[in-house]
Amino acid sequence: MRRRPTFLLSILSFGFAFLYVPILSMVFFSFNASRLATVWGGFSTKWYGALFANKQVGEALLLSLKIAIVSSTVATILGTLAGIALVRFTKFRGRMLFSGLVTAPLIMPEVITGVSALIFFLLLASWIGWPSQRGFTTITLAHITFSMVFVTTIVQARLLQSDQAIEEAAMDLGSRPWQVLVDITLPVISPAILSGWLLAFTISLDDVVITSFTTGPGSTTLPLLIWSKVKLGVTPDINALATLMILCVGIGVAISGVVMNRAEARRLADERLAYRSQA
Amino acid sequence: MGWFHRRGWRDLIIGLPYLWLVVFFLLPFAIVIAMSVATKTPTAPPFSFGGAQPWVNIETYHRLISEPLYLRAFLISIVNAAGTTLFCLLLGYPMALALTRVSRSARNILLMLVILPFWTSFLLRVYAWMGLMGKSSWFNAGLTEVWNWLVPVSWAVKSLPMMHSNFAVVLVMVYTYLPFMILPLYASLERLDPTLDEAALDLGSRPWQVFLDVTLPQSMPGIIAGGLLVFIPAAGELVIPSLVGDASTPMIGRVISDQFSQARDWPMASAVAVALLALMVGPTMLYSHYQARAEGAK
Amino acid sequence: MADFLRIEGVSKSFGPFQAVRDVTLSVEQGEIFSLLGGSGCGKTTLLRMLAGFEEPTSGRIFLDGHDMAGVPPWSRPVHMMFQNYALFPHMTLEANIGYGLRHDPLSKAQRAERVREMLDLVQLTPMAGRKPHQISGGQKQRVALARALARQPKLLLLDEPLAALDKKLREHTQFELMSIQARTGVTFIVVTHDQEEAMTLSDRIAVMDCGQVQQVGSPTEIYEYPINRFVASFIGSITSFEAEVLARENGTMRLNVPDFGAEITTRDGNFAAGAKVTLALRPEKLLISKDRPLGNAVQGVVKDLAYFGKDSLYRITLASGASVQAHAVNQRRGTEAQRVADWDDQVWLSFDPSAAIVLGA
């Protein structure tokens, strides 16, 4: 299509405005001197100061990070195994069920997963005494369960793209299956494993519903803290928090964008090199 | 590949995640389904399979169908979810299509800009709209001006009552779920062969006809995938309705949560959850079917 | 040494589908042996059974006297050059080639030396530090070959080695493969659907169809002395006619060929008088002339002519309506008017008795 698609471009612009105007407004008002988060009262960075001094926020952030790191790491391990299982082993008993279990959490409403997890933990506590108190452990267990399926999806997609013949070649040359896994399979899908970890980390850090069901007294994650504050209304210190988070994420996404562009450029250069060196 | 399937090795790779999912996902599920036919008791835990055989009590399901609270909640949830899906599609499809038409370098940046909101906190994005919709916000003030200018004087208002309404719920849901619609659509549209469009134009079709005849049908898998990715979670949404919704007409997610924690009626909460799931089974199977189709076509 | 590789009565079924049916072959040490056939004929399945990726449903495979039943791929002294090369994308060429060597009892220095030898063999020494995506297709193939040969296997399996290469590269690679095989003395088993490839490379060919071996022989044997209609029509071009054996005398046979409307003489064959047979003729064995020649001859009209510069392919219709393909090298330089035969010309086709292939009906 050589013609400029003006209709489409205008909708694209509207769409981006729709996506970003609320965010920009939020960032703007984080510098509001007045307490009202929606009427401008002058420029001020006091809310950032208040944020940093807020112990509650600090503790909640720490807890969220701890949960996110543990759950994303375990989820990545389990999810990668599941992805390998589904792609490389085409026939095994209960495969359909396994495949279903791996797809279900992706599209199920979180409230159902949350309620079922909570009932499960409560019953478990009454039957065997553990977990006596819900908190870090139960939240982490729940996070692992529903974020591992995201890792599985990513790993599956990447494995399907890679040529199974290289694993056969490794076996042909003398490596036993576990050696093939370590030498060949895992290194080749390592970008997918990394993306999966990152995704699981973000999902865990951001989760509200499932966390709210599986949490207990004293374990307030950052999203839960924000939720309780937000229920009371709009206040500028949350704007400040939001701006900081957007900044962090923005930097992260920009870095990954630059890295990917660099890798893409290198790949093109390699291909040109290969073409020129035809022998 | 006989040798890769060596017993102990294979069992470990399959078994570990399988076991985890069975214990922490399937088992809780099964418990919920069983719970839905239990009876509420004031004990702790607050349920029992009392009475005579077969120990099941389907009163919960009976109440589900007879009490208007539940039917209304289901109706509102489906209507909201459908509305959200529709608007996500109306806005997201042209955006995805536009993304396929821009230059490569612009595309990477724009895609990143689409994904960026997805990576920022979901809660904060809802919060952003709460700020805009509030009575004293610049956004509301601006819209009120426009409204007052457009309508006769007797309909003029001081501020638009956007918050705490179904309109707000749908608006914020569209806002948060939009990336989930754009990405699958973009993936599906990007894979289309542009020479097919050229062939259609060559044979005499106008661009809008090419869109209807060639582009739209081929992007169906993407539409279905994106649609289901929005509809199913939206139907069970809990946070958004509780923050910007109308408390007098709760959505089904709120009902489940309330029945569970406030009414301490585990069986009822479970029954509602099971019903919601049953409603989602159809769309979910559709989703799997289209996923499998898409994979097979690759 | 004969019977270096012995495949005895091997069959392989996948559920109801039989991919390989009762195949018995023996391969000599140091020869290049090809499995030739169309897709689905079972040649790739047979190759995979040699590599160890599939186990035969019945039958045995003996390599150098050892029964390969139950031996996994990583324990076999057999290595494979995969069709799409299957190079490890995250390793350098050096690492790729040296990958299998860590299972051999060699010191680090010995391993490095071996890798150097292999790089030298395939002439890729300056590229040693590159990764697979940085080299061309032909180079990738050489790496795959070097990688498979590094451990000095008893048997090297090649899966469609020339399929992905363009014409020029294919010719060059054919000769390279043969020279490397001569130098290393490793027994090669090649799977291919390309008859030209098989004919050029191989010492012997096994033609396969529907999971069964149709014929085993040298390229010449397969081409000039096919034992059934499938092999005759699979290799090269051929035209076939129904015929009946009239008599056998003095080491020759006389056949009546209804499509010719004449009798012809061929070399003696194992058929009784009165037997219904198939007469098959290769285009290049037919001589086109304006005047009636001696011996086996039949008249026809040139209906089609394809001129390739160095040679021409003729389609000649006989009086009976049957169509014959004939092939002539354009030995004489001249204009179109000076051609031996042109469209709609009446010509005579003749052939030597020894050129006739007689097969069972």
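Naming: A, B, ... by sequence-line order, numbering from 1 per chain. No experiment lies behind these values; they were computed from the predicted model shown. Because only heavy atoms are used, hydrogens play no part in the values below, and waters and symmetry mates are left out as well, while side chains stay in.
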When the 4.5 angstrom heavy-atom criterion is applied to B:Trp20 and chain A, the contacting part is side chain
Honestly, the part of B:Ser242 sitting under 4.5 Å from a heavy atom of chain A is side chain
Under 4.5 Å to a heavy atom of chain A? For B:Ile14 that would be both
From the list B:Phe87, B:Tyr186, B:Phe211, ring pair (Phe, Tyr, Trp, His ring centres under 6.0 Å) with B:Tyr93 holds only for B:Phe211
Is there a donor-acceptor pair under 3.5 Å between the side chain of B:Ser137 and the backbone N or O of B:Leu132?
yes
With chain A, the option among B:Ala269, B:Ser121, B:Ala96 that has the most non-hydrogen atom pairs under 4.5 Å is B:Ser121
Most contact-rich option vs chain A, by heavy-atom pairs under 4.5 angstrom, among B:Leu228, B:Val22, B:Leu277, is B:Leu277
*Could you tell me whether B:Phe180 and B:Phe118 have their ring centroids closer than 6.0 angstrom?*
yes
Okay, A:Leu205 and chain B: the region with an atom under 4.5 Å from a heavy atom over there is neither
Those residues at least two apart in sequence (or on a different chain) that pass salt bridge (Lys or Arg N to Asp or Glu O under 4.0 Å) with B:Arg254 are B:Asp258
| said: Tell me whether B:Gln259 contacts the main-chain N or O of B:Ile256 through its side chain, where contact means a donor paired with an acceptor under 3.5 Å. | reply: no
Pair count under 4.5 Å, heavy atoms only, with chain B: among A:Ile77, A:Leu222, A:Thr103, A:Ile144, highest is A:Ile144
The interface call for B:Val114 against chain A, heavy-atom contacts under 4.5 Å, is both
Whatever's closer than 4.5 Å to a heavy atom in chain A on B:Leu238 counts as side chain
Would you say B:Ser36 and B:Trp266 are linked by a side-chain donor-acceptor pair, where the criterion is simply a distance under 3.5 Å? no
Has the side chain of A:Thr152 got a donor or acceptor atom that lies under 3.5 Å from a matching backbone atom of A:Gly79? yes
Counting only pairs under 3.5 Å, give me each side-chain donor-acceptor contact of residues 13-23 of chain A, with atom names and distances, residues two or more places apart or in other chains.
unit_1  : atom_1 : unit_2   : atom_2 : d
A:Ser13 : OG     : A:Leu9   : O      : 2.7
A:Tyr20 : OH     : B:Leu113 : O      : 2.4

Residue pairs passing the side chain to side chain donor-acceptor pair (under 3.5 Å) test with at least one member in residues 225-235 of chain B, sequence neighbours excluded, are none
Whatever's closer than 4.5 Å to a heavy atom in chain B on A:Ser212 counts as neither
Quiz item: Is a side-chain donor-acceptor pair under 3.5 Å present for A:Thr202 with A:Asp206?
Solution: no
- request: Would you check if the side chain of B:Asn140 reaches a backbone N or O of B:Gly134 as a donor-acceptor pair within less than 3.5 Å?
  value: yes
* Taking A:Ser204 for its side chain and A:Phe201 for its backbone only, find out whether a donor-acceptor pair lies under 3.5 Å. => no
* Do we get A:Lys229 above A:Trp227's six-membered ring, with its NZ or CZ under 6.0 Å from the centre and within 45° of the axis? -> no
So, the part of B:Phe260 with a heavy atom under 4.5 Å from chain A: the answer is side chain
Under 4.5 Å to a heavy atom of chain B? For A:Phe92 that would be both
Under 3.5 Å, side chain of B:Arg10 to main-chain N/O of A:Phe89, donor-acceptor pair present?
no
Pair count under 4.5 Å, heavy atoms only, with chain A: among B:Leu110, B:Thr176, B:Val126, B:Val174, highest is B:Leu110
Flag side-chain contact, heavy atom, 4.5 Å: B:Phe24 against A:Phe146: no
Turns out that what part of B:Leu111 lies under 4.5 Å from chain A's heavy atoms comes down to neither
Whatever's closer than 4.5 Å to a heavy atom in chain A on B:Ser261 counts as neither
Assert top hit (heavy-atom pairs under 4.5 Å, partner chain B, pool A:Ala82, A:Gly252, A:Gly100) equals A:Ala82
If one checks every heavy atom of A:Leu123 against chain B at 4.5 Å, the contacting part turns out to be side chain
Say whether, by atom type as modelled, one donor and one acceptor occur between the side chain of A:Asp207 and the main chain of A:Thr211 under 3.5 angstrom. yes
With chain B, the option among A:Ala125, A:Ala117, A:Gly250, A:Pro109 that has the most non-hydrogen atom pairs under 4.5 Å is A:Pro109
Among residues 229-237 of chain B, those lying within the under-4.5 Å heavy-atom range of chain A are B:Leu229, B:Ile232, B:Pro233, B:Gly236
Greatest number of non-hydrogen atom pairs under 4.5 angstrom with chain A, of B:Ala30, B:Pro117, B:Pro179, B:Ala273, falls to B:Pro117
Notebook entry, point to check: Side chains of A:His143 and A:Thr214: donor-acceptor distance under 3.5 Å anywhere?
Noted result: no
Interface check, chain B: of A:Ile226, A:Thr80, A:Ile238, A:Val208, most non-hydrogen pairs under 4.5 Å belong to A:Ile238
Most contact-rich option vs chain A, by heavy-atom pairs under 4.5 angstrom, among B:Leu276, B:Val102, B:Leu116, is B:Leu116
Scored by heavy-atom pairs under 4.5 Å with chain B, the best of A:Leu86, A:Val230, A:Thr113 is A:Val230
| said: Using modelled atom types and a 3.5 Å cut-off, is there a donor and acceptor pairing between side-chain atoms of B:Thr195 and backbone atoms of B:Glu198? | reply: no
Among A:Leu122, A:Val115, A:Val209, the residue with the most heavy-atom pairs under 4.5 Å to chain B is A:Leu122
When the 4.5 angstrom heavy-atom criterion is applied to B:Leu91 and chain A, the contacting part is both
